[in-house]
2 protein chains.
Amino acid sequence: MIKHYDITEYKNPLFTVDSVLFTVKNGALKVLMVKRASEPFAGRWGLPGGFVDVDIDDSVSMTALRKLKEKTSVAPQYLEQLQTYSGINRDPRGFSVTLVYFALIAEAQVSTHIETVDDAKWIDIDEVNNLPVAFDHKYIIEQAKARLKQKALYSMAPVYCLPEHFTVGQFKSVIETIIGKPVQRKSIIRRIEAAGMFETLDEKVKSGGRLAQLYKVKAGVDIVNFERNLSV
Amino acid sequence: MIKHYDITEYKNPLFTVDSVLFTVKNGALKVLMVKRASEPFAGRWGLPGGFVDVDIDDSVSMTALRKLKEKTSVAPQYLEQLQTYSGINRDPRGFSVTLVYFALIAEAQVSTHIETVDDAKWIDIDEVNNLPVAFDHKYIIEQAKARLKQKALYSMAPVYCLPEHFTVGQFKSVIETIIGKPVQRKSIIRRIEAAGMFETLDEKVKSGGRLAQLYKVKAGVDIVNFERNLSV
DNA sequence: AGAATAGTGTCTGTGAGACAGTATGTA
DNA sequence: TACATACTGTCTCACAGACACTATTCT
């Protein structure tokens, strides 16, 4: 595969697609990382991704999904572009360009599969700094984390870190994990109602106290954004 | 140059960098477009951009700036990534990837130079639909316009469509042109004060009535974002 | 004086934060 | 009954919208 990208011969930028896939697990924000088997940076940890295969990928988002499925077996619930990173120094092979996707998934959806893949692991966001990380992926993860934090303040996107059926308490907890400080339960309830993108289930669920109402995302709705942020 | 990108031979995605450069001129939002001299889509209008030259570009933002300078002679005051567009059908030569930048400039900075370049023109945003446009650039311009509108609601970025010294009235007018509806003068004044990124000049300027206070952006400050949008 | 634009003062509306109070489950 | 968590009611605060009022310049 790599032979098509011999930069010294064709002066073509090396183009890859990577993803920062987040989830929240046990009250901690985690990012999916892969132990690199090949050079450059063999043995170090990097983001899941790779080269576009123009024979099977219709667009670069398909590349991102394909690479993520190899590690998690499923497509993430939320996927959007983060940014493109490029430069002459980020890859020892030469000028390289990486389009990075930003993705969210419920941990429960992938937990069993990820244990069977021994080169991919959920890394606690605070542990990334202690790992040997490939390329500029440490920096990219920081940027993705900042984006996720912003999204948690003005949008309902973090709901995609939750299982299909979830409670207000779980949603609140995910948001608090992402933004790193407490929010008012009331604010979450207000937004759930105002967004109009959720429906209540008849079922309730145990929570240590009073039974909690279950919610799910209505079919076919888009993520709702708000005109006002939660407080930072 | 194009020989390095023979996709049938190397199955390498075609990678280009384009820019959507906006300005506001005579109360209308304009986008810089270029009449294409070569295939594909020769004779149609497209976004300024082209291939990365790995010998002279340190990163893809340099490619964007270099291509914009060819048309405007100066670097835009504001430049950020919009998105990357890709697919097997957007370019007749094969799978292609375009990283698109989003840029703002004051019309006065480029007006004289642009008149000397006969293949580049400011196109009124409402006229784009009536032109023969290359690739998916019509769609990309729509997306860029939506992003600009959002930015006008929550950030001070549109100030970069104004000359170095500007009045509240001019700023208000630019914002109204971008979002397509009137805003309260008071709201602009409140934001100018709250942002803390401007300083007043001693000079005032004629405006048909009372003299208007001139403002400028303080040296070295970043664009300020607000936690609350203007009303949509 | 009258028109035009700049700028101020201040009231209303909306939605987030704070937090007390109520409801309903388990040990 | 004690507690834990879920949910509601409601006050405050910050900031955008609305708009009347004042200020300054030109004709």
Side-chain angles (χ1 to χ4, degrees), chain A residues 27 149-156 158 162 165-176 178-215 224-232, chain B residues 27 149-156 158 162 165-176 178-196 198-216 224-232:
Chain A
K149 192 167 168 179
Q150 266 311 110
K151 283 214 168 279
L153 295 177
Y154 73 78
S155 98
M156 285 302 199
L162 288 169
H165 299 172
F166 60 90
T167 66
V168 173
Q170 289 172 326
F171 201 176
K172 174 173 183 285
S173 160
V174 160
I175 291 174
E176 287 176 338
I178 292 170
I179 70 180
K181 50 173 289 189
V183 292
Q184 293 283 325
R185 184 191 168 76
K186 184 78 180 181
S187 299
I188 310 299
I189 292 174
R190 275 194 285 239
R191 288 194 157 193
I192 287 177
E193 279 169 10
M197 57 179 285
F198 306 104
E199 52 189 292
T200 57
L201 306 181
D202 292 336
E203 204 183 343
K204 303 203 177 200
V205 77
K206 279 190 248 191
S207 65
R210 178 174 166 177
L211 297 187
Q213 177 65 56
L214 280 176
Y215 292 83
V224 169
N225 295 331
F226 297 92
E227 290 179 12
R228 218 192 271 203
N229 281 8
L230 297 176
S231 293
V232 277
Chain B
K149 192 168 168 178
Q150 267 310 110
K151 284 214 170 275
L153 295 178
Y154 73 78
S155 96
M156 286 302 199
L162 289 169
H165 299 171
F166 60 91
T167 67
V168 173
Q170 289 171 327
F171 201 175
K172 173 173 183 287
S173 160
V174 160
I175 290 174
E176 287 175 338
I178 291 171
I179 70 181
K181 50 173 287 187
V183 293
Q184 293 283 325
R185 186 191 167 74
K186 183 78 181 182
S187 299
I188 311 299
I189 292 173
R190 276 195 283 238
R191 288 195 157 193
I192 287 176
E193 279 168 10
F198 305 104
E199 54 190 292
T200 56
L201 305 182
D202 292 336
E203 203 182 342
K204 303 202 179 199
V205 78
K206 278 190 249 191
S207 64
R210 176 171 167 178
L211 297 187
Q213 176 67 56
L214 280 175
Y215 292 82
K216 61 178 266 195
V224 170
N225 295 333
F226 297 91
E227 290 182 11
R228 199 155 152 182
N229 282 6
L230 297 175
S231 293
V232 277

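Here is how names work: the chains are called A, B, and so on, in the same order as the sequence lines, proteins then strands, and each is numbered from 1. Only heavy atoms go into these numbers, but all of them, side chains included; no hydrogens, no water, no symmetry mates.
Residues B:Val224 and B:Phe226 are in side-chain contact: their nearest non-hydrogen atoms beyond the backbone lie under 4.5 Å apart.
Look at CD1 on B:Ile192: it is 15 Å from C1' on D:dA16, rounded to the nearest Å. Summarising the geometry, the separation between CD on A:Gln213 and P on D:dA6 is reported as 12 Å, rounded to the nearest angstrom. Straight-line distance from the NZ atom of A:Lys172 to the C1' atom of D:dT5: 11 Å, rounded to whole Å. What separates NZ of A:Lys204 from P of D:dT5 is a distance of 18 Å, to the nearest Å. The interatomic distance linking B:Leu211 (CG) with D:dC26 (P) rounds to 6 Å, in whole Å. What separates CD of A:Glu203 from C1' of D:dA6 is a distance of 16 Å, to the nearest Å.
The distance from the CD atom of B:Gln213 to the CD atom of B:Glu203 is 9.5 Å, given to the nearest 0.5 Å. The distance from the CD1 atom of A:Ile175 to the CD atom of A:Gln170 is 12.0 Å, given to the nearest 0.5 Å. To the nearest 0.5 Å, atom CD of residue A:Glu227 and atom CG of residue B:Leu230 are 9.5 Å apart. Between atom CG of residue B:Leu214 and atom OG1 of residue B:Thr167 there is a gap of 7.0 Å, rounded to the nearest 0.5 Å.
Annotation: of the two residues near DNA chain C, B:Leu214 and A:Pro182, the 5′-most nearest-nucleotide partner is B:Leu214. Take the nearest nucleotide of DNA chain D for B:Arg228 and for A:Ser207: the residue whose nucleotide is more 5' is A:Ser207. Toward the 5' end of DNA chain C, the nearer of the two residues A:Gly209 and A:Ser187, judged by each one's closest nucleotide, is A:Ser187.
With hydrogens and angles disregarded, a donor-acceptor distance shorter than 3.5 Å links the side chain of B:Glu176 to the backbone of B:Val183.
Counting heavy atoms of neighbouring residues, nucleotides and ligands inside a 6.0 Å radius, atom NZ of A:Lys149 does not exceed 12 of them.
Extent of DNA chain C lying under 4.0 Å from chain B heavy atoms, first and last nucleotide in 5' to 3' order, is C:dA4 to C:dT14.
Residue B:Ser231 places at least one side-chain N or O closer than 4.0 Å to OP1 or OP2 of D:dG17. Taking 4.0 angstrom as the limit, B:Gln184 places none of its side-chain polar atoms (N or O) nearer than this to OP1 or OP2 of D:dA16.
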Without placing hydrogens or testing angles, list every side-chain donor-acceptor pair under 3.5 Å for residues 184-195 of chain A, not counting sequence neighbours.
{"unit_1": "A:Arg191", "atom_1": "NH1", "unit_2": "A:Leu153", "atom_2": "O", "d": "2.9"}
{"unit_1": "A:Arg191", "atom_1": "NH2", "unit_2": "A:Leu153", "atom_2": "O", "d": "3.4"}
{"unit_1": "A:Arg191", "atom_1": "NH2", "unit_2": "A:Arg228", "atom_2": "O", "d": "2.4"}

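Applying side-chain contact (heavy atoms from CB on, under 4.5 Å) to A:Tyr215 and the options A:Leu201, A:Leu162, A:Val168 leaves one that passes, A:Val168.
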If you restrict it to nitrogen or oxygen atoms, what contacts under 3.5 Å exist between nucleotides 8-13 of chain D and the protein, and what is each distance?
{"unit_1": "D:dG9", "atom_1": "N7", "unit_2": "A:Lys186", "atom_2": "NZ", "d": "2.9"}

